[in-house]
Amino acid sequence: SLLFCTEHPFGHLIDTLRSEQYEERRYFNPQKLSDVRYENLPFCMRVLLESAIRKCDGFYIKTDDVSSILDWQMQQNQAEVAFSPARVLLQDFTGIPAMVDLAAMRDALAKQGVDPNLVNPRCHTDLIVDHSLQIDYSKCAIQSPPTPTDESHGAAVRSPAGRPSPRGSSSGGHCAGQRPGHRGGCSKASCSDAPSGRSAAVQIENTPLLCPFHLQPVSEPETMIRNQEMELIRNKERQQTFKWSFKNINVVPPDINTVHQVNLEYLCQVVQEGEGFIYPDSVVGTDSHTTMINGLGILGWGVGGIESEAVMLGQPVSLTLPQVVGCKLVGTINPLATSIDIVLGITKHLRQAGIGGKFVEFFGPGVQQLSAPDRTTIANMCPEYNATVSFFPVDDITLQHFKHTSTDHPLVVLEDYLKAIKLFKSYGDQSEDPQYSEVIEMNLSSIVPHVSGPKRPQDRVAVTCMKEDFINCLNEKVGFKGFHVSKEKQATQVPFLHEGAEYNLAHGSVVIAAVISCTNNCNPSVMLAAGLLAKKAVEAGLTVKPYIRTSLVPGSGTVTHYLNTTGVLPYLRKLGFEVVGYGCATCVGNTAPLPESVVDAIKQGDLVACGVLSGNRHLEGRLCDCVRANYLASPPLVVAYAIAGTVSINLETEPLGVNSEGKDVYLRDIWPSKEEVNHTEENIVIASMFKELRSRMEKGSTFWNRIESAESALFPWDPKSTYIRCPAFFSKLSKEVCAPQSIEGAYPLLFLGDKVTTDHISPAGSIARVSAAARYLQSKRLTPREFNSYGARRGNDAVMTRGTFASIKLQNRLIGKTGPKTLHIPSGQTLDVFEAAERYQRDGVPLIILAGKEYGSGSSRDWAAKGPYLMGVRAVIAESFEKIHRNHLVGMGIAPLQFLPGQNADSLELCGKERFTINIPQELMPRQQLTVQTSTGKSFSVMALFENDMDVAFFRHGGILKYVARSLLL
């Protein structure tokens with residue numbers, strides 16, 4: 001708890017908020033410093049300053065931190081400060097390894113005779129189970145029907161009572177139409193009255209899901225229920241781990257909401273209250289898109305799973321005071337531009353401005369045109385332009401938004417408090433504009449509808465230029481945009497049969513169209529636009545070809561609620577966009593397999609097939625390994641391209657299709673006006689939706705509520721488990737800290753190029769049947785159908801280490817071709833990366849990785865550092881690093897070393913087969929130059945990217961986890 005006011009270094013700043021409308025509340029008032037520099041600080045820096053004042057204890061956070069933040073203009077990019085956020089946000093992909101790591105830490109302390117109950121989060125933590133949904137069922141069809149298994153032992157289990165059994169089940173009960181609360185199912189007699197002598201019905205892939213007795217289609221609501229059931233059964237052991245959990249952790253059950261929606265609609269408060277004081281809400285999360293919350297004036301950003309564990313245990317976040325770029329918005333928004341267009345326009349604008357690692361704060365009169373959902377949508381894409389924070393200060397529009405959601409405080413308290421400490425903004429008043437490191441101006445009227453792709457989010461294409469750009473991509477050599485298809489093959493068309501009808505696929509054919517969670521669900525306008533467009537399309541007689549894998553994964557029950565209430569959901573369903581569940585799906589590779597006839601046609605013609613999705617990740621091969629071109633688009637454009645069936649179309653001049661009368665129908669004929677969308681939004685998005693959602697979240701599901709978990713200080717590890725395993729991070733934990741050791745005679749495990757992403761390092765999608773992880777799971781008697789995904793198995797270090805560098809897109813210069821292989825240099829053998837690392841470790845040989853620019857870009861992923869650590873990697877030498885991944889490497893005790901400016905592996909004539917010795921002094925300093933010597937006699941210098949003394953301390957201890965564990969041993 002806080003020190004008594006008389007003992008607190010800034011006790012004299014304590015003030016009281018008084019009003020007849022509410023009870024008194026105490027707070028620390030930075031204005032009482034009477035320092036003119038405060039009002040010149042960017043608003044996001046004022047949040048940091050308030051936290052430093054309030055949490056100043058002379059140990060973790062010192063008075064020097066307060067002085068440095070106040071003097072931000074002179075100290076930016078120089079001073080190192082500590083920040084204690086109000087809370088930590090986890091999603092289950094990164095939450096499960098955090099839980100497992102802390103459970104392992106408890107074991108390690110217990111072995112040292114220390115009370116394991118000391119390992120409990122000191123900072124409030126919310127864990128949202130939202131990343132485990134997979135699309136097993138869609139379009140009322142069953143795709144590659146799964147066998148639900150008990151996670152621990154792989155044995156088939158029955159569906160919970162009262163839930164429909166998976167395909168082929170002969171359990172009793174009623175058809176969907178006979179079950180309470182369901183409509184449109186089988187209208188025959190009860191399914192429990194199975195006709196005698198009838199053999200079990202055989203379900204054919206990609207046909208409507210049938211009642212096993214009456215052979216009638218099951219209703220659409222069953223699609224979502226069955227996906228949810230499979231999710232809960234498949235991940236039962238992980239759910240039990242979450243329920244065991246720790247004190248001071250709030251777990252939000254699965255099938256409720258995505259992590260960002262929960263944060264926006266349920267957890268965020270703008271103002272928090274604790275230890276007798278009110279203070280600004282703030283958060284760090286294990287997802288890079290935690291920045292979404294910045295749109296509501298709440299400071300938050302993504303950190304590594306490793307860093308988040310340290311914050312949970314009471315350690316502050318250490319950061320160098322950043323530069324803050326002011327993004328001034330002016331002009332009037334184009335009526336046809338959606339929030340997605342604005343997001344991608346700002347993304348490109350800021351990426352070109354080179355703001356990597358900086359904070360961005362929006363100001364200017366144009367901000368007043370953006371609704372609160374618009375702002376959170378823009379803030380969501382912050383990682384795509386490499387900023388750390390994308391902050392919108394609170395104003396009247398923000399407060400109006402909270403009338404529709406919920407907060408623990410009356411709005412008058414929020415407004416009075418924020419105005420008292422100068423955290424409330426009037427965007428039309430230039431006198432309130434603070435000083436920034438630099439200002440970038442953007443005219444909103446210049447933004448026109450765009451899509452982004454075909455391989456990277458920063459490659460934007462105007463919708464009117466889409467056809468021309470796609471043809472150029474076919475012509476260009478293989479690279480970030482090109483596919484190098486010869487002219488004579490660009491007109492290739494491959495006929496195929498699907499459900500008894502013949503279709504043709506060509507280059508540019510759309511085979512995946514997904515309106516999914518993450519970027520769009522916080523913004524009703526774009527989702528309503530998609531629904532209204534679908535309504536007009538159906539009324540005009542347009543359809544979507546049945547072989548296209550369409551899905552609607554809203555990520556929030558709120559979205560389903562207003563789509564249903566406005567009457568557009570049936571029209572989306574008519575076009576194939578059915579609600580299949582809630583959570584991350586297509587974006588993380590959890591889409592259902594394409595029909596075999598489609599896959600065969602793509603392979604036969606070597607076609608560049610396309611996926612169109614309304615998410616924020618679309619790296620090549622991520623959605624499906626046979627879909628090479630993927631485009632990010634707004635939800636209404638996803639629907640439009642699905643109707644067109646191709647991206648090789650000019651939507652301005654070419655029709656989407658023809659109606660029943662043979663008349664051409666153009667996009668402009670069915671595009672809803674901004675006024676129409678706004679009117680629908682204003683009349684639907686009301687407070688009752690959010691109240692209903694809050695009730696749903698607090699109640700959970702029947703299945704979740706029935707899950708039992710152990711009640712013990714130490715986690716009951718199951719040696720048979722293939723999901724949860726005690727990791728080896730604390731196997732050699734001692735009280736003493738050894739001095740840093742030089743790395744001698746290391747071999748490169750991999751020799752990589754530029755832009756190696758965390759998807760390359762630690763894939764999150766399906767587990768390939770020929771991979772090292774697959775062989776491990778098969779040795780545990782699991783079938784490929786039971787593998788689940790890497791994301792779901794992040795609690796098992798044996799799987800995740802084998803999955804490290806298992807991407808089929810990995811380009812390793814040691815072997816000269818794409819794939820998850822490397823050269824074991826001493827023997828000259830080409831092996832799986834894991835097998836080579838295992839052999840090096842057996843021989844006691846340390847390892848390094850050579851890489852180019854932007855190593856570790858992409859999603860925040862802690863196993864992208866944990867995996868290499870367990871493989872024996874001691875250092876990564878690269879031209880540059882993505883900031884979060886660099887933090888992860890330091891957090892695992894791996895040295896991030898950067899070639900000096902103008903140098904790289906090629907300029908130094910490194911072939912990657914040398915042995916490397918890296919001299920690390922015992923008195924290591926931040927950003928110190930180290931000498932590297934090779935077995936061929938070369939010598940060069942690298943910069944050790946330890947940004948501050950805390951980084952050095954983490955490295956000396958062997959990572960954050962050991963640092964925290966040792967602090968509890970003392």
Side-chain angles (χ1 to χ4, degrees), residues 41-51 83 85-89 126 258-272 279-303 317 319 322-329 339 342-343 346-347 349-350 355-364 366-367 370-395 397-399 401-402 405 407 414 418 423-425 427 434 436 440 442 518-523 616 860 883-884:
L41 287 177
F43 283 70
C44 54
M45 289 297 103
R46 299 180 197 182
V47 177
L48 286 183
L49 180 64
E50 188 282 337
S51 176
F83 171 57
R87 52 193 175 91
V88 176
L89 185 69
D126 295 290
T258 61
V259 59
H260 309 303
Q261 289 300 111
V262 173
N263 199 15
L264 288 170
E265 298 174 5
Y266 183 68
L267 302 176
C268 70
Q269 295 295 316
V270 179
V271 173
Q272 294 278 2
Y279 50 90
D281 191 8
S282 59
V283 60
V284 293
T286 56
D287 191 292
S288 56
H289 294 276
T290 302
T291 52
M292 196 172 196
I293 203 67
N294 297 164
L296 298 180
I298 297 169
L299 186 62
W301 64 86
V303 298
V317 176
L319 74 155
Q323 289 183 295
V324 180
V325 177
C327 184
K328 186 175 184 179
L329 301 182
S339 62
I342 298 170
V343 166
I346 292 175
T347 296
H349 196 73
L350 293 179
I355 57 169
K358 300 176 183 179
F359 282 22
V360 174
E361 186 168 290
F362 291 87
F363 73 110
V367 179
L370 304 177
S371 66
D374 286 335
R375 299 174 191 184
T376 56
T377 307
I378 293 167
N380 176 276
M381 294 294 276
C382 177
E384 311 308 330
Y385 42 85
N386 289 329
T388 302
V389 159
S390 197
F391 194 73
F392 287 84
V394 174
D395 69 342
I397 292 175
T398 315
L399 293 182
H401 170 78
F402 278 95
T405 58
T407 176
L414 304 186
L418 294 175
L423 280 179
F424 190 88
K425 173 73 172 165
Y427 286 99
Y436 295 106
I440 299 172
M442 184 168 189
C518 216
T519 303
N520 311 304
N521 296 334
C522 68
N523 197 324
N616 53 46
S860 167
K883 180 178 175 63
I884 291 178

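Only heavy atoms go into these numbers, but all of them, side chains included; no hydrogens, no water, no symmetry mates.
Within the model, atoms CG of L267 and CG of L89 stand 6.5 Å from one another, a figure rounded to the nearest 0.5 Å. In this structure, L48 CG and F43 CZ are separated by 14.0 Å, a value rounded to the nearest 0.5 Å. Note: S390 OG to M381 CE = 11.0 Å, rounded to the nearest 0.5 Å. Distance OG1/T291 to CD1/I298: 12.5 Å, rounded to 0.5 Å. Distance check: M442 CE to H349 NE2 gives 5.5 Å after rounding to the nearest 0.5 Å. Considering CG of L319 and CZ of F83, their distance stands at 8.5 Å, rounded to 0.5 Å.
Here the side chains of V88 and V283 are not in contact, with every heavy-atom distance at 4.5 Å or above. Between V324 and V360 the shortest side-chain heavy-atom distance does not fall below 4.5 Å. Using a 4.5 Å heavy-atom cutoff, the side chains of I440 and I355 are in contact. In this structure, L399 and F424 have side chains that are in contact, with non-hydrogen atoms separated by less than 4.5 Å.
Taking all atoms of both residues into account, the shortest heavy-atom contact from V47 to P280 is CG1-CB, 4.3 Å. Across V394 and G297, no two heavy atoms sit closer than the pair CG2-CA, 3.8 Å. When all heavy atoms of C44 and L299 are compared, the closest pair comes out as O-CD2, 3.9 Å. Pairing each heavy atom of G295 with each of R375, the nearest pair is O-CB, 3.6 Å. Residues Q269 and Y266 approach most closely at NE2-O, 3.9 Å, considering heavy atoms. In plain terms, the two heavy atoms of P434 and R46 that are nearest each other are CB-NH2, 4.1 Å.
Residues T290 and D287 have side chains that never bring a donor and an acceptor to within less than 3.5 angstrom of each other. One side chain, D395 or T398, offers a donor N or O that lies under 3.5 Å from an acceptor on the other. Side chains of Y436 and E361: a donor-acceptor N/O pair is present below 3.5 angstrom, by distance only.
Checking side-chain atoms of H289 against main-chain N and O of N380 turns up a donor-acceptor pair under 3.5 Å. Remark: side-chain polar atoms of Y427 are paired, donor with acceptor, to backbone N or O of P393 under 3.5 angstrom.
With sequence neighbours left out, the ring-ring contact (aromatic ring centres under 6.0 Å, His included) criterion links F362 to F392. D126 is linked by a salt bridge (Lys or Arg N to Asp or Glu O under 4.0 Å) to nothing, counting only residues two or more places apart in sequence or in another chain. Every side chain to side chain donor-acceptor pair (under 3.5 Å) that R87 has, sequence neighbours left out, goes to N263, D281.
Remark: aromatic rings of W301 and F391 are distant, center separation not under 6.0 Å.
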Exercise for the section: Could you please spell out the steps behind the side-chain contact (heavy atoms from CB on, under 4.5 Å) verdict for Y279 and E50? Expected result: CA-CA 8 Å; Y279 50 90; E50 188 282 337; 3.5 Å; yes
Exercise for the section: Give the C-alpha distance, both sets of side-chain angles, the deciding distance and a yes or no for side-chain contact (heavy atoms from CB on, under 4.5 Å) between K358 and T388. Expected result: CA-CA 6 Å; K358 300 176 183 179; T388 302; over 6 Å; no
Exercise for the section: Take D374 and S371 through the test side chain to side chain donor-acceptor pair (under 3.5 Å) and record every step on the way to the result. Expected result: CA-CA 5 Å; D374 286 335; S371 66; 3.1 Å; yes
